[in-house]
Number of protein chains: 2
Amino acid sequence: MTKIDERFYTVPELAGDLGITPRTIRFYEQKGLLNPQRAGTTRVYTRQDRAKLLLILRGKRLGFSLKEIADYLDLYGADPTQAEQIKMLLERVRERISDLEEQRQALDVTLDELREIEHQSVDALKEKGLDPAP
Amino acid sequence: MTKIDERFYTVPELAGDLGITPRTIRFYEQKGLLNPQRAGTTRVYTRQDRAKLLLILRGKRLGFSLKEIADYLDLYGADPTQAEQIKMLLERVRERISDLEEQRQALDVTLDELREIEHQSVDALKEKGLDPAP
DNA sequence: AATATAAGTGACGTTAACGTAAATTAATTG
DNA sequence: CAATTAATTTACGTTAACGTCACTTATATT
């Protein structure tokens with residue numbers, strides 16, 4: 001048993017697969033988010049590395065900063081039970097949710113104000129006998 | 001008649017009133033959004049200038065870039081009928097509305113995904129006999 | 001006039017997340 | 001082994017909207 005699946009990836013390969021640029025992957029490493037092995041100078045990524053990169057991209061999509069993602073990943077592997085990791089994740093996720101809910105509120109307020117301006121503009125143009133092209 | 005209300009403002013005064021810093025006001029001028037008169041080297045703002053600044057701040061609140069605001073303000077005074085100005089405003093406002101509505105959609109999708117993660121995290125902690133502190 | 005206060009100026013710094021270009025090194029292929 | 005291709009490194013650039021700091025100039029007060 002434990003015949004491990006030995007599929008390796010290179011930077012351009014991962015970049016192509018995941019729709020990002022090589023520069024981005026190296027940038028993440030520079031920021032401490034990835035630590036691939038090397039074959040000479042060439043980076044070699046395992047499937048775990050790839051999974052980690054996917055986690056990073058997901059975090060980004062969800063609006064976390066690279067710093068936050070890095071903090072989270074630091075618990076990765078340093079926590080056998082993963083309980084701390086999950087707790088921290090939960091905390092951040094809840095923070096993020098509340099941020100976004102706030103943003104949503106603000107966005108709705110802004111939308112209302114913009115619609116009001118739209119309305120007024122249309123009225124003003126009508127009074128000049130012009131067509132606002134709705 | 002036409003006894004004009006001659007109230008003038010200075011940079012720090014406006015800044016204090018409007019809750020921004022003097023540097024910001026000078027920055028706006030540097031970007032061509034304001035053109036106050038001078039008494040020697042000191043900037044002197046009329047009530048019109050103040051109104052213009054309020055317009056700028058409102059535009060910012062609504063999410064327009066300084067560039068967009070500048071473009072808009074350029075029509076100010078260069079358009080006797082103001083029809084063009086209103087048309088352009090309407091166009092930008094509609095663009096902005098549609099941007100924001102899109103953002104709102106994306107935000108809702110993100111929120112859903114985050115809530116899903118929250119849910120999973122809570123479950124995972126429960127299985128370890130830990131309290132997720134809801 | 002000397003000092004103090006206020007206003008202005010110019011240059012540079014900040015933040016985030018990379019992009020770009022040029023120069024190097026390494027690996028592969030004929 | 002020479003040439004090509006691939007990967008890396010290094011350094012600097014980008015964007016937006018200002019903030020900071022160190023001076024310099026101007027006005028006001030004593």
Side-chain angles (χ1 to χ4, degrees), chain A residues 8-46 49-50 52-73 92 95-96 99-100 103 106 110, chain B residues 8-46 49-50 52-73 92 96 99 103 106 110:
Chain A
F8 296 122
Y9 304 87
T10 172
V11 163
E13 196 174 354
L14 279 181
D17 284 3
L18 307 182
I20 57 184
T21 72
R23 183 65 182 89
T24 297
I25 294 177
R26 296 186 192 111
F27 179 75
Y28 291 163
E29 179 176 346
Q30 192 180 317
K31 289 293 170 182
L33 306 195
L34 292 171
N35 286 303
Q37 288 179 262
R38 301 267 184 150
T41 70
T42 296
R43 280 162 249 248
V44 174
Y45 298 84
T46 65
D49 290 325
R50 192 190 138 100
K52 209 168 178 183
L53 183 46
L54 284 172
L55 271 182
I56 294 170
L57 296 179
R58 186 182 198 203
K60 287 220 55 193
R61 256 192 310 117
L62 297 177
F64 294 99
S65 71
L66 292 184
K67 177 72 169 71
E68 288 171 316
I69 296 171
D71 289 349
Y72 169 72
L73 290 179
R92 295 309 171 102
E95 278 173 24
R96 183 79 187 133
D99 275 6
L100 290 186
Q103 274 183 44
T110 298
Chain B
F8 295 123
Y9 305 87
T10 171
V11 163
E13 196 175 351
L14 277 182
D17 283 4
L18 307 182
I20 57 184
T21 71
R23 185 69 182 87
T24 297
I25 295 177
R26 296 186 191 113
F27 178 74
Y28 290 162
E29 179 175 347
Q30 193 179 317
K31 289 292 169 180
L33 306 195
L34 291 172
N35 287 302
Q37 289 180 263
R38 301 269 183 150
T41 69
T42 295
R43 281 163 249 248
V44 175
Y45 299 84
T46 66
D49 291 325
R50 191 189 138 101
K52 210 168 177 182
L53 184 45
L54 284 172
L55 271 182
I56 294 171
L57 296 179
R58 185 180 200 205
K60 287 220 56 191
R61 257 192 310 116
L62 296 177
F64 294 99
S65 71
L66 291 184
K67 177 72 169 70
E68 289 171 316
I69 295 171
D71 289 349
Y72 170 71
L73 289 179
R92 295 308 171 104
R96 183 79 185 132
D99 275 6
Q103 273 184 43
T110 298

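In this text, all values refer to a predicted model and were calculated from it rather than measured experimentally. Lettering of chains follows the sequences in order, A, B, ..., and the numbering in each one begins at 1.
- Qualifying side chain to side chain donor-acceptor pair (under 3.5 Å) partners for B:T10, counting only residues two or more places apart in sequence or in other chains: none.
- Proximity of residues 55-69 of chain A to DNA chain C (heavy atom under 4.0 angstrom from any strand atom) is restricted to A:K60, A:S65, A:L66.
- For the pair A:Y28 and C:dA17, the criterion of a side-chain N or O lying under 4.0 Å from OP1 or OP2 is not met.
- For A:R61, the side-chain contact (heavy atoms from CB on, under 4.5 Å) criterion is met by A:R58, B:E113, not counting sequence neighbours.
- Between B:K31 atom NZ and D:dG19 atom P there is a gap of 14 Å when expressed in whole angstrom units.
- Atoms CD1 (A:I25) and P (C:dG19) sit 11 Å apart, rounded to a whole Å.
- Among pairs with a residue in residues 15-24 of chain B, those fulfilling salt bridge (charged side-chain N to carboxylate O under 4.0 Å, His left out) read B:D17-B:R50, at least two apart in sequence or across chains.
- Residues satisfying the side chain to side chain donor-acceptor pair (under 3.5 Å) criterion with B:T21, sequence neighbours excluded, are B:T24.
- In this structure the side chain of A:F27 reaches within 4.5 angstrom of the side chain of A:L66, judged on heavy atoms.
- Evaluation of the salt bridge (Lys or Arg N to Asp or Glu O under 4.0 Å) rule for A:D99 yields no partner, not counting sequence neighbours.
- Pairs of residues two or more places apart, or lying in two chains, that qualify as side-chain hydrogen bond (donor to acceptor under 3.5 Å, both in side chains) and include a residue from residues 28-37 of chain B are B:E29-B:R38, B:E29-B:R43.
- Residue B:T24 places at least one side-chain N or O under 4.0 Å from the OP1 or OP2 atom of D:dG19.
- By the salt bridge (Lys or Arg N to Asp or Glu O under 4.0 Å) test, B:K60 is found to be paired with no residue, residues two or more places apart in sequence or in another chain being considered.
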- Each nucleotide of nucleotides 4-10 of chain D classed B (base within 4.0 Å of a protein heavy atom), S (only sugar-phosphate) or -, in 5' to 3' order, makes ---SBB-
